[in-house]
2 protein chains.
Amino acid sequence: MLRLSGNDGERADAARNRRLLLEAAARIVELYGPEKLTMDEVARHAGVGKGTLFRRFGNKTGLIHALLDQSGRDFQAAFMFGPPPLGPGAAPVDRLRAFGEASIRRCDFQGQLLRAAQEGPEALSHPTQRLARQHLGLLLREAGTTGDLELAAYELSAYLNAGLLIHLQEERRMPHERLIAGWHELVERFLPR
Amino acid sequence: MLRLSGNDGERADAARNRRLLLEAAARIVELYGPEKLTMDEVARHAGVGKGTLFRRFGNKTGLIHALLDQSGRDFQAAFMFGPPPLGPGAAPVDRLRAFGEASIRRCDFQGQLLRAAQEGPEALSHPTQRLARQHLGLLLREAGTTGDLELAAYELSAYLNAGLLIHLQEERRMPHERLIAGWHELVERFLPR
DNA sequence: AGTGTAACCGGACCGTAGTCCACTTTATTC
DNA sequence: GAATAAAGTGGACTACGGTCCGGTTACACT
């Protein structure tokens, strides 16, 4: 078989099941919260076998990434091509500040899913994480920061990790504004003196 | 029963089983590596029921913390009471540098266990983590750093997270020296200008 | 020694992530 | 429209972490 005609090389029934599974997963999260998102339940609600679910998304973090895909793409588009201060056009420092603010804001809405997506040792290697670090590194370079920019990008993105932000908000009871101020302060420390 | 005489309020058989379980766990890690450390196997090797294992250590991260306890205590004693530059007596900046170096060195030996111990949402609340952050915050204050020192301590300790260090070493192939240099650079950024 | 009781013990049991593979469906080709 | 091969499917199965609870044991007090 040559698979020339297919839209994405995905068979029609497979595409339908992908849609069913994503809808079921989204519904479960919306109705019962992310902690009730089990692979068995998703498959059951979608009226589909478990094997199908794992074939489509690989594993649970794969499914969660697929759920976050749309908002992730929006976010990426915003900081790469959108209007300033997040997108190009503003000063690098302002873009850095805006990037953190947007990340923290996003965490307010999708924190639990974001945290779940960042579990496991391979999370740091995921394309979206790499892209964010690359972006941070680029902005640092433009801002005139010197030194090991790759490590600097890791350090900055560590602060924006959903697990850390949730801990600070829920365990340490830090208000939103303090986290933002902390980000601004951190960015400041990375600027050339 | 008053439980006055007992050494630690732990019954003799319980103490014996704790020892057996820790020895079994240590042997499994040594012989087969941390990824083979399953609760069933530990209980089986110790010749003890699974319920006993969970009663003693609560959960898997509890067992791992118990395994790391000795080296953890040594480390804590070293940076709180030991000789400079890690312990008191040296300049705060030098103590900060030494703290990171010691953490990175420790990660070289026990990285996999340390990473496993830091999984889960409650890891950041664990006493050893809190103590490390408190120590970092104190050194920053002594070094004259201004701003939100609590957040600053979180940011510094994020760099020393075993999961991140292992990722940088194994995935990004960064040599030991680069990680050390990165730590020194990071500390530098937190010093008053 | 005898006794009461709190602590301990073991292993059956549960929920969840992830694997496996015999069977079915789809799409292409002739 | 029949043959065919690749892709898809579903549910039984495994491994693992963690819970539960009826039975047992060590210890303090008499």
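We name chains A, B, ... by the order of the sequence lines, and we start the count at 1 in each one.
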**Message:** With salt bridge (Lys or Arg N to Asp or Glu O under 4.0 Å) as the rule and sequence neighbours excluded, what pairs involving residues 157-178 of chain B come up?
**Reply:**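 Every salt bridge (Lys or Arg N to Asp or Glu O under 4.0 Å) pair that includes a residue of residues 157-178 of chain B, provided the two are not neighbours, is A:Asp148-B:Arg178, A:Glu150-B:Arg172, A:Glu150-B:Arg178.
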**Request:** Verify the contact: side-chain N or O of B:Asn17 to OP1 or OP2 of C:dC9, cut-off strictly under 4.0 Å; return yes or no.
**Result:**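 Answer is yes, contact under 4.0 Å.
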**Message:** Using a strict heavy-atom distance below 4.0 Å, which residues from residues 38-64 of chain A are in contact with DNA chain C?
**Reply:**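 Nucleic-acid contacts, sorted: A:Thr38, A:Met39, A:Lys50, A:Gly51, A:Phe54, A:Asn59, A:Lys60.
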So do the side chains of [X] and [Y] get within less than 4.5 Å of each other, counting heavy atoms only?
X        : Y        : answer
B:Thr145 : A:Arg189 : yes
B:His176 : B:Asp108 : yes
A:Leu160 : A:Trp183 : yes

**Asked** Are A:Leu149 and B:Ile180 connected, step by step, through hydrophobic side chains (Ile, Leu, Val, Met, Phe, Trp, Tyr) whose heavy atoms are closer than 4.5 Å?
**Response**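 A:Leu149 clusters together with B:Ile180.
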**Item:** Hydrophobic cluster membership, A:Leu31 vs A:Leu67, 4.5 Å side-chain cutoff
**Value:**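 Yes.
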**Distance flag, aromatic centroids of A:Tyr154 and B:His167, threshold under 6.0 Å** =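 Ring-ring flag for B:His167/A:Tyr154: true, centres closer than 6.0 Å.
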**Request:** For this output row, return yes or no: ring centroids of B:Tyr159 and A:Tyr159 closer than 6.0 angstrom.
**Result:**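 No, they do not, as the ring centres are separated by 6.0 Å or more.
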Under 3.5 Å, N/O pairs linking protein and nucleotides 22-25 of chain D:
unit_1 : atom_1 : unit_2  : atom_2 : d
D:dT25 : O2     : B:Arg11 : NH1    : 3.1
D:dT25 : O2     : B:Arg11 : NH2    : 3.3

Rounded to whole Å, how long is the line connecting atom [atom1] of [X] with atom [atom2] of [N]?
X       : N      : atom1 : atom2 : result
B:Leu37 : D:dA15 : CG    : P     : 17 Å
B:Arg18 : C:dC8  : CZ    : P     : 9 Å
B:Glu35 : D:dA15 : CD    : P     : 16 Å

**Prompt:** What parts of residues 116-124 of chain A reach DNA chain D, counting only heavy atoms under 4.0 Å away?
**Reply:**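 Here the set is empty: none.
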**Message:** So does B:Ala90 get a backbone contact from the side chain of B:Arg95, meaning a donor-acceptor N/O pair under 3.5 Å?
**Reply:**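 Pair absent, no side-chain N/O of B:Arg95 close to backbone of B:Ala90.
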**Request:** Fit a plane to each ring of B:Tyr32 and B:His45, take the angle between them on a 0 to 90° scale, and name the class: parallel (under 30°), tilted (30 to 60°) or perpendicular (over 60°).
**Result:**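 It falls in the perpendicular class, over 60°.
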**Asked** Can you say whether the rings of A:His135 and A:Phe99 are parallel (under 30°), tilted (30 to 60°) or perpendicular (over 60°)?
**Response**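 Rings of A:His135 and A:Phe99: tilted, 30 to 60°.
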**Asked** To the nearest 0.5 Å, what is the distance between CD (A:Gln110) and OG (A:Ser71)?
**Response**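 Between A:Gln110 CD and A:Ser71 OG, I get 4.0 Å after rounding to 0.5 Å.
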**Complete:** Writing each nucleotide of DNA chain D 5' to 3' as (, ), [, ], | or . by Watson-Crick or G-U pairing under 3.5 Å yields ||||||||||||||||||||||||||||||
**Partner set under salt bridge (Lys or Arg N to Asp or Glu O under 4.0 Å) for A:Arg56, not counting sequence neighbours** =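 A:Glu10.
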